[in-house]
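A short write-up of the structure that comes next.
In the text below, chain A, chain B and the rest are named by the order of the sequence lines, each starting its count at 1.
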Amino acid sequence: MSELEKKPMRVRFAPSPTGALHIGGARTALYNWLCARGSGGAMVLRIEDTDRERSSEATIAQILDALRWLELDWDGDPVSQFARRDRHQAAIERLLEQGKAYYDSATAEQVKAWRAVNRGAGYRGRETTADGAAIRLRVPDSGTTVVDDRIRGEVRFENRLLDDLVIARADGTALYNFAVAVDDAEMEVSDVVRGEDHLSNTPKQLLVFAALGIEPPRYAHIPLLHGPDGKKLSKRHGAASVQELRRSGYLPEAVRNYLALLGWGADDDETLLSTDELLRRFSIDRVGRSSAIFDEKKLRWINGRYMRESELAAYEARLAAHLEEGDRAAAATFAAADPAHRRAALAIVQDKAQVLSEVWKLIAFLFGEPVRDDAAWKKVMVADGEVAVAHTLSALSALGESDFTAARIEPVLRALAEREQIKLKNLLQPIRVAVSGGLVSPGLFESLEVLGREISLSRLDAARSSAP
RNA sequence: GGCCCCGUGGUGUAGCGGUUAGCACGCUGGCCUUUCACGCCGGUAGCGCGAGUUCGAUUCUCGUCGGGGCUACCA
């Protein structure tokens, strides 16, 4: 289906502010966003905060922050469901007047007992004028409520098995299944895209729409996400929240790509899909029906691809932001360095890291005194290691400031290894340890160039005298 | 327990009655190589099970088993 043939979808992402935005929630947000932006429609945000006990401003801010980081924008200001309570109550009044809803003071135990007596049939209450009664919606005793789901097809629920659901608490405030229906209608939502955990709530909402005489939106229930152990995804599964993904050094575009693939696949099975391609090709109708397991290994691989392919300037900005959030000292050191030096350092490390959090430890030695890895020194700075360093020091001293480039350094060191009859590896590892402090670094010749003649030589000199 | 959803290698998926069941990650053998990575080449492994429909089922139907969700005066 081409872009022009898509009908604009007006969707909503409706998180409840009871915790950080989960990977599952992020995927729901992404699918909604792809539906909206890919169809020329709109995505609105509604914070489901009617449960005052469990909602907090801090959590709302955290969720919005996560969405911004993911670069999933929305239309208009976020709507507070709680702030719409007057609208909910007005709708409840209408239903009460029409006899479609009634006061009932049954307790949970009484409802349970009623169901036991009536062989599992949906609870039907008795109207009361007593104080402290909740308001229930009258559900038909016969017929079937059909959810016409874009992903699952027609899902049928027998009305007689559905309870007369409570739509308002004794204090008059509306409950979730009622508020959602009223809000989706009044916010003119055309398509509800949400997790499968809401599938069995849908007939209840459909009943509310019917009572209100309003045409319901279309529904698409996407499968849930599970952890590596097959259980429902939770904080126990590592980087389960967007915040953790961010801290781990993933790129938002990579996360979008990965999440899009978790439950959806293009007909040609492409793996690397830019957001533009996602926008063009994503179709809610092609989302799968079975739950998926979050696999960080694949996310890492995808992220590595994006890391390697990103522009140096963007790479630099991303790293700077990442350091700023996790390692202020490193961020300050990095920011204080010469711009050209920063770029040079990033250029030689770019294809080695899969996540941002791996970058700094690979290039920190280019921005200050290296952290000495004693095990590494002990391993390579043996007798001939020291000799190697000494030879290198004199060989490289011969190169002038302007000749201290990878292109000039490499032949010098290769010739040195040959002359001294030592394997290149046995010459280079001691040098690597001497200048970087450890056994792992970007390419040595490039590293020396970026470090510069003066510092390189002084570290070699220091290594020669401080070897264990 | 009741209602509902789901079931292709370890993971994510393609498939839409006839395919040597494709792709990607992972794992693994090798190559490359100054370390670690990257990259390249090769390999490993799958239609949960049982009936039925059909000339023929991974594809359709039923059952079964397994996994999951909901079952609040939470969202």
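Base contact: A:Arg54 has a heavy atom under 4.0 Å from a base atom. Across all strands shown, A:Gly438 has no heavy atoms under 4.0 Å from either base or sugar-phosphate atoms. Across all strands, A:Thr50 comes closer than 4.0 Å only to sugar-phosphate atoms, never to a base (heavy-atom distances). At the heavy-atom level, A:Pro442 lies under 4.0 Å from base atoms of the strands shown.
Here A:Leu439 contributes atom CG and A:Lys379 contributes atom NZ; the two are 5.5 Å apart, rounded to the nearest 0.5 Å. In this structure, the separation between CD1 on A:Ile47 and CD1 on A:Ile63 is 6.0 Å, given to the nearest 0.5 Å. With values rounded to the nearest 0.5 angstrom, A:Gln81 atom CD is found 9.5 Å from A:Ser55 atom OG. Once rounded to the nearest 0.5 Å, the distance linking OG1 of A:Thr405 with CG of A:Leu399 reads 8.0 Å. Residue A:Arg459 holds its CZ atom at 6.0 Å from CD1 of A:Ile455, rounded to the nearest 0.5 Å.
Not counting sequence neighbours, the partners of A:Ala254 by the side-chain contact (heavy atoms from CB on, under 4.5 Å) test are A:Leu251, A:Ile302, A:Asn303, A:Tyr306. In this structure, the salt bridge (Lys or Arg N to Asp or Glu O under 4.0 Å) partners of A:Asp374, at least two apart in sequence or on a different chain, are A:Arg372. A search for salt bridge (Lys or Arg N to Asp or Glu O under 4.0 Å) contacts involving A:Arg414 returns A:Glu410, not counting sequence neighbours.
When the P atom is used for both B:rC40 and B:rC55, the distance is 48 Å, rounded to whole Å. Nucleotides B:rG46 and B:rA75 place their C1' atoms 38 Å apart, quoted to the nearest Å. Only the P atoms considered, B:rC6 is 12 Å distant from B:rC62, to the nearest whole Å. Using C1' as the reference atom, B:rA57 and B:rG52 are 12 Å apart when rounded to the nearest Å. Comparing B:rC73 with B:rC16, their P atoms sit 47 Å apart, to the nearest whole Å. Rounded to the nearest Å, the gap between the P atom of B:rU44 and that of B:rC23 is 12 Å. For the P atoms, the distance linking B:rC3 with B:rA21 amounts to 40 Å, nearest Å. Nucleotides B:rG68 and B:rG12 place their P atoms 14 Å apart, quoted to the nearest Å.
Residues of residues 169-185 of chain A having a heavy atom closer than 4.0 Å to RNA chain B, listed by number: A:Arg169, A:Ala170, A:Leu175, A:Tyr176. Residues from residues 194-204 of chain A placing a heavy atom under 4.0 Å of any atom in RNA chain B, listed by number, are A:Glu196, A:Asp197, A:His198, A:Leu199, A:Ser200, A:Asn201. Of the residues in residues 109-134 of chain A, those lying under 4.0 Å from RNA chain B by heavy-atom distance are A:Arg115, A:Gly132, A:Ala134.
For A:Gln205 and B:rC70, the CD to P distance is 14 Å, given to the nearest whole Å. In this structure, A:Asp268 atom CG and B:rG15 atom C1' are separated by 13 Å, rounded to whole Å. In this structure, A:Leu444 atom CG and B:rA37 atom P are separated by 17 Å, rounded to whole Å. What separates CZ of A:Arg52 from P of B:rA75 is a distance of 11 Å, to the nearest Å. Straight-line distance from the CD atom of A:Glu410 to the P atom of B:rU33: 12 Å, rounded to whole Å. Atom-to-atom, CH2 of A:Trp360 to C1' of B:rC36 comes out at 19 Å; the value is rounded to the nearest Å.
The aromatic rings of A:Trp114 and A:Tyr123 lie perpendicular to each other, with more than 60° between the two planes, well past the 30° mark.
Among the nucleotides B:rU35, B:rC3, B:rC73, the one closest to any side-chain atom of A:Arg432 is B:rU35. Distances from the side chain of A:Ser16 to the nucleotides B:rC73, B:rU34, B:rA75 place B:rA75 closest.
Centroid-to-centroid, the aromatic rings of A:Tyr258 and A:Phe294 come within less than 6.0 Å.
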Dump the pairs, protein N or O against N or O of nucleotides 7-11 of chain B, anything under 3.5 Å, distances to one decimal.
none

Using nucleotides 38-44 of chain B, report all nitrogen or oxygen pairs with the protein that are shorter than 3.5 Å.
unit_1: B:rC38; atom_1: O3'; unit_2: A:Arg308; atom_2: NH1; d: 3.1
unit_1: B:rG39; atom_1: OP1; unit_2: A:Arg308; atom_2: NH1; d: 3.3

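Sorted by first and then second residue, the side chain to side chain donor-acceptor pair (under 3.5 Å) pairs with a member in residues 423-443 of chain A read A:Gln429-A:Arg432, A:Arg432-A:Ser441; sequence neighbours excluded. The side chain to side chain donor-acceptor pair (under 3.5 Å) analysis of residues 152-161 of chain A, with sequence neighbours excluded, yields the pairs A:Thr145-A:Asn159, A:Glu154-A:Arg156. Every pair passing salt bridge (charged side-chain N to carboxylate O under 4.0 Å, His left out) that includes a residue from residues 161-183 of chain A is listed here, sequence neighbours excluded: A:Arg46-A:Asp183, A:Arg84-A:Asp183, A:Arg115-A:Asp163, A:Arg124-A:Asp164.
The pair A:Arg138-A:Glu127 meets the salt-bridge criterion, since a charged nitrogen lies less than 4.0 angstrom from a carboxylate oxygen. A salt bridge links A:Asp267 with A:Arg281; the closest basic N to acidic carboxylate O contact falls under 4.0 Å. In summary, A:Lys298 and A:Asp295 do not engage in a salt bridge, as defined by a charged side-chain N under 4.0 Å from a carboxylate O.
Between A:Arg414 and B:rU34, a side-chain N or O to OP1/OP2 separation shorter than 4.0 Å is present. Considering only side-chain N and O atoms, A:Ser441 lies nowhere under 4.0 angstrom from the phosphate OP1 or OP2 of B:rU35.
With the nearest nucleotide of RNA chain B identified for both A:Ser291 and A:Arg136, A:Ser291 has the one nearer the 5' end. Projected onto RNA chain B by closest heavy-atom contact, A:Trp264 and A:Asp163 fall at different nucleotides, the more 5' of which corresponds to A:Trp264.
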Once Watson-Crick and G-U wobble pairs under 3.5 Å are found, how is RNA chain B written in dot-bracket notation, 5' to 3', with | for any base paired to another strand?
((((((((.[[[[.)..(...]]]].(((((.......)))))....[[[[[..)....]]]]])))))))....
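No more than 12 heavy atoms of other residues, nucleotides or ligands sit less than 6.0 Å from atom CZ of A:Arg126. Around atom OH of A:Tyr103, no more than 12 heavy atoms belonging to other residues, nucleotides or ligands sit under 6.0 Å away. With a 6.0 Å radius and a threshold of 12 heavy atoms from other residues, nucleotides or ligands, A:Glu418 has its CD atom at or below the threshold.
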Should A:Asn177 and A:Gln205 be marked as a side-chain hydrogen bond (donor to acceptor under 3.5 Å, both in side chains) after you check the CA-CA gap, both sets of side-chain angles, and the distance that decides it?
CA-CA 6 Å; A:Asn177 283 123; A:Gln205 294 167 210; 2.9 Å; yes
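Relative to the six-membered ring of A:Phe404, A:Arg408 misses at least one condition, a distance below 6.0 Å or an angle of at most 45° to the axis.
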